[in-house]
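Worksheet: one structure, shown below.
Source: prediction; values computed, not measured. Positions are given from 1 along the sequence.
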Amino acid sequence: AEPGYTYGDDAQLYDVRMYVHPNGSPLTGAEVMAISRAPTPGLDASLLCLPITSDLMADTDWRDSWGHGCEWYFANAQTNPTICEYPPAKLQCPIGCGSRQECLSHSTRKVFFTWDRVRRIERQMPNGTLCLNADWSPAQVVAQCREWVAAGRPDSVPGGIKGWLESLDVGRTGTRIDVRDCDVLASAIDESCSFDAEQIRHFTRGVHASGGDFTVAFWVKPIGPISKLPARDQFIPHLQFLSTLSPPTHNLVFGSWANPNGEARLYSSCASGKRDENENVELKAAEADGWTMVSISRQNYSKVGAVESGEMFVTTNMLRNWEGTFLPQCLYDDTSFFNALEVNYPMLISPIMLVPQAIPFAEIQQTYFQFAEAMKVKGGPLVSNAKRIEQQHITVEKRDFGPRSALMAPPIIFQQRAKPADACPFEYSDKLQAQQHAQMVKSKCALPFRCDDSVLSDSRHTIACPGSPMREGTHFEVPPMDLRGNRGYPELLYSITDNPFLWRNGRLTDTVDFVDVLTENVEVVFVFFTPTFGITSVMTVLADFSGSLAANVDVQLAHYEIIEGESLGLYMFAQIVVLASIGFMIMDIVLGCRETIKEARCNGGWPDASRIFKTFTDSAIAVMVIVFIAYRIPSKRSSAGETDRILGSLGEIPWDSVEKTLQEKLELFFASVVDLMSLIEKESTLSDFCNIILVVSLFR
């Protein structure tokens, strides 16, 4: 086989040397090892790449003779790059000046955020504001508080509330909200600053998976004198990450205690018997009027004979303080790192970044440099969300309803798919498939790009012929579902038609790929209601792609009609008249049978064939009419209730909910559509039965 790239692992090239062998013989193994261990002639160690985790990659707190630090050199190097040629700056500011090469890394980080924009948090009460996760309602929180107080305020959480009490009183110089007072708790909640609970739960699962490692980072800015400690005229961010409220607990807090610039504190639910209730790291001074980036990064480790269980550091802009940690990382709520945020002094705060890994100091510096200039000009909102909602009313103009029919749910597109076939029906098709795959690998998967092994080994990922029906797996991250006996893949129609791409489960997918060569047929389902006539309609547009030349498109429209009130009364009267007529008809049949039997006895032979046919058809008509009315009357009487039930269930589907998955919403939709189609098919069956009665009557 020809030599070629075998898609192996990447390697970093450290050193290449060329040697001339004076005696013409190759170097021995011992000579090669001796050369590899000897100093490299002409190679400065400072030119070697370093992992981002190395302390040598981080900027120091060095300042030049004019008081300029690494941040100043970074800002000025954007317009004057040669300024970083100054040797001390080059040595002391590897991130700010880009003077050290970072080794290539394929690692990625999962990042979660509380909000999607800068928030202005103002005081709800004198001691601050509470922001709840979006799953908690204020009424629910206050009710739980009152139940807890009525039960005698039991200390019912692992580790107890000793840590919270200690953070509230011991050495505290700033204000705090005493959430044990339910009236105070109720007045402190600001519904407009709630945050995404699902993001916190994902972050917490990541923290558990990484053994307790995490990083929390955010930008804060004072909004005036009310943001500062009155006694010091100093801004210190006071932010408490509360795990529970009744009883109150927290694992992470920022505020002012013994250290002059404030500190970050970590608490643990398994701190019992440890030296301290918390472990703290001092903050550097925050900006008096501008933005300050604050972060805390904690990493667990274990060493033989070591007292510490990990290490953590806190950064304030470019500066860092470090501490070894003695407390094990135990959360008060194992499913959610925090469920409420307590902000004690008004401030602007960015979305809080949550990473379930311990980010190295140098990488945090990179993040700071990336956003520092943009944050300087970011003013933030002038009013809080609560005031904006209260003061700024957006007028909604009502437009009269024009169409005769209303769409009762978003249209659904449902497709049946096939698996890729192992082989195509024509030899050239297989050859083309192999050629296209080879071309794709050569153009798209060559270094520095990397494709999955399945893509490299399976030519059907490029182009394929359809095979057997696909009943498992996902399409656009949605599993298959059943619709009226057919198994396929549903999707919201507007998701495909109104968006160029969809982001689901960490994957970005072009919507133009929803229908492809493996699509067998596509069905679009619409559910309408016409208020004027009380008619519910189901329209389906079916496109069959299994043909060889063109798609076969079929449109079907089925209706279900409400009958109630006066119309139902008239219908019932008409059916009663019909039943009365059938009663007379049955009497006539009985009399006719007697006459026929009497005549047959008198004549001594068989009755006349026309009389037998008449009696038989009349009897059949009477029985069928009775059966028809027995089914039709209950159906008509329940039509309004059935319509209310089905359309009500369609209207209650939480399409805009972030808690229910798309699959759950589609299952509710299909259940209602199947119920509606069953009613329509029942009505259609009764109509067909009525036609049979008419045909039999014609024979009569």
Practice task
Output every pair passing salt bridge (Lys or Arg N to Asp or Glu O under 4.0 Å) with a member in residues 668-681, not counting sequence neighbours, ordered by first then second residue.
Solution key: R645-D675
Is any side-chain heavy atom of [Y] closer than 4.5 Å to one of [X]?
{"X": "L492", "Y": "K665", "answer": "no"}
{"X": "Q416", "Y": "P469", "answer": "no"}
{"X": "W115", "Y": "I349", "answer": "yes"}
{"X": "R484", "Y": "T540", "answer": "yes"}
{"X": "L568", "Y": "M572", "answer": "yes"}
{"X": "T536", "Y": "L676", "answer": "yes"}
{"X": "P490", "Y": "V478", "answer": "yes"}
{"X": "H437", "Y": "Q433", "answer": "no"}

Exercise for the section: In plain terms, say whether R487 and E520 are close enough for a salt bridge, that is, a side-chain N and a carboxylate O under 4.0 Å apart. Expected result: no
Practice task
Answer yes when K636 and E642 have at least one side-chain N-carboxylate O distance shorter than 4.0 Å, and no when they do not.
Solution key: no
Could you check whether any side-chain N or O of [X] sits under 3.5 Å from a backbone N or O of [Y], counting only pairs where one atom can act as donor and the other as acceptor?
{"X": "N339", "Y": "S243", "answer": "yes"}
{"X": "T661", "Y": "E664", "answer": "yes"}
{"X": "D458", "Y": "R460", "answer": "yes"}
{"X": "N521", "Y": "S546", "answer": "no"}
{"X": "T530", "Y": "F533", "answer": "no"}
{"X": "S697", "Y": "I693", "answer": "yes"}

Practice task
Could you list all the disulfide bond (SG atoms under 2.5 Å apart) pairs where at least one residue sits in residues 460-544, not counting sequence neighbours?
Solution key: C424-C465
Exercise for the section: Please lay out, stage by stage, how R507 and L502 fare under the test side-chain contact (heavy atoms from CB on, under 4.5 Å). Expected result: CA-CA 8 Å; R507 292 189 61 189; L502 295 178; over 6 Å; no
Practice task
Start with the C-alpha gap between F528 and L407, add the side-chain angles, then the distance that decides, and say whether side-chain contact (heavy atoms from CB on, under 4.5 Å) holds.
Solution key: CA-CA 5 Å; F528 297 97; L407 193 63; 3.6 Å; yes
Nearest 0.5 angstrom please: [X] [atom1] to [Y] [atom2], how far?
{"X": "Q366", "Y": "F371", "atom1": "CD", "atom2": "CZ", "result": "11.5 Å"}
{"X": "H208", "Y": "F337", "atom1": "NE2", "atom2": "CZ", "result": "10.0 Å"}
{"X": "I621", "Y": "I626", "atom1": "CD1", "atom2": "CD1", "result": "12.0 Å"}
{"X": "T204", "Y": "Q199", "atom1": "OG1", "atom2": "CD", "result": "11.0 Å"}
{"X": "K110", "Y": "F203", "atom1": "NZ", "atom2": "CZ", "result": "13.0 Å"}
{"X": "S672", "Y": "E667", "atom1": "OG", "atom2": "CD", "result": "12.0 Å"}

Can you give each donor-acceptor pair under 3.5 Å made by side-chain atoms of residues 553-567, sequence neighbours left out, with the distance rounded to 0.1 Å?
{"from": "D554", "atom 1": "OD2", "to": "Q556", "atom 2": "NE2", "distance (Å)": "3.3"}
{"from": "H559", "atom 1": "ND1", "to": "S537", "atom 2": "OG", "distance (Å)": "2.8"}

Practice task
Applying side-chain contact (heavy atoms from CB on, under 4.5 Å), run through E652 and L668 and close with a yes or a no.
Solution key: CA-CA 9 Å; E652 291 173 359; L668 293 173; over 6 Å; no
Which atoms form the tightest heavy-atom contact between [X] and [Y], and what is the distance?
{"X": "R119", "Y": "N385", "result": "NH1-ND2, 2.5 Å"}
{"X": "L650", "Y": "A409", "result": "CD2-CB, 4.3 Å"}
{"X": "P634", "Y": "A630", "result": "CD-O, 3.0 Å"}
{"X": "A386", "Y": "D190", "result": "CB-OD1, 3.8 Å"}
{"X": "G212", "Y": "N300", "result": "CA-ND2, 3.5 Å"}
{"X": "P654", "Y": "K660", "result": "CG-CD, 3.5 Å"}

Problem - Aromatic ring pairing F241/F218, orientation class (parallel under 30°, perpendicular over 60°, tilted between) - result: tilted
Handout entry: Mutual orientation of the aromatic rings belonging to H475 and F514 [parallel < 30°, tilted 30-60°, perpendicular > 60°]
Key = tilted
Practice task
Identify the residue among W136, F113, F112, F338 that makes a ring-ring contact (aromatic ring centres under 6.0 Å, His included) with F195.
Solution key: F338
Practice task
Under the salt bridge (Lys or Arg N to Asp or Glu O under 4.0 Å) rule, collect the residues that match up with R417, sequence neighbours excluded.
Solution key: D516
Show me the donor-acceptor pairs, under 3.5 Å and distance only, between side chains in residues 351-360 and residues at least two apart or in other chains.
{"from": "Q357", "atom 1": "OE1", "to": "R109", "atom 2": "NH1", "distance (Å)": "3.4"}

Practice task
Would you check, one step at a time, whether the test side-chain contact (heavy atoms from CB on, under 4.5 Å) holds for I412 with F670?
Solution key: CA-CA 9 Å; I412 302 298; F670 283 154; 3.9 Å; yes
Exercise for the section: Tell me, yes or no, whether the heavy-atom count around R637 atom CZ, taken from other residues, nucleotides or ligands under 6.0 Å, exceeds 12. Expected result: no
Practice task
Decide if the gap between the ring center of Y631 and the ring center of F689 is smaller than 6.0 angstrom.
Solution key: no
Problem - Option from N133, D196, D135, T335 for which side chain to side chain donor-acceptor pair (under 3.5 Å) with R201 holds - result: D135
Fill in the blank from the handout: side-chain hydrogen bond (donor to acceptor under 3.5 Å, both in side chains) filter on S457, not counting sequence neighbours, yields none
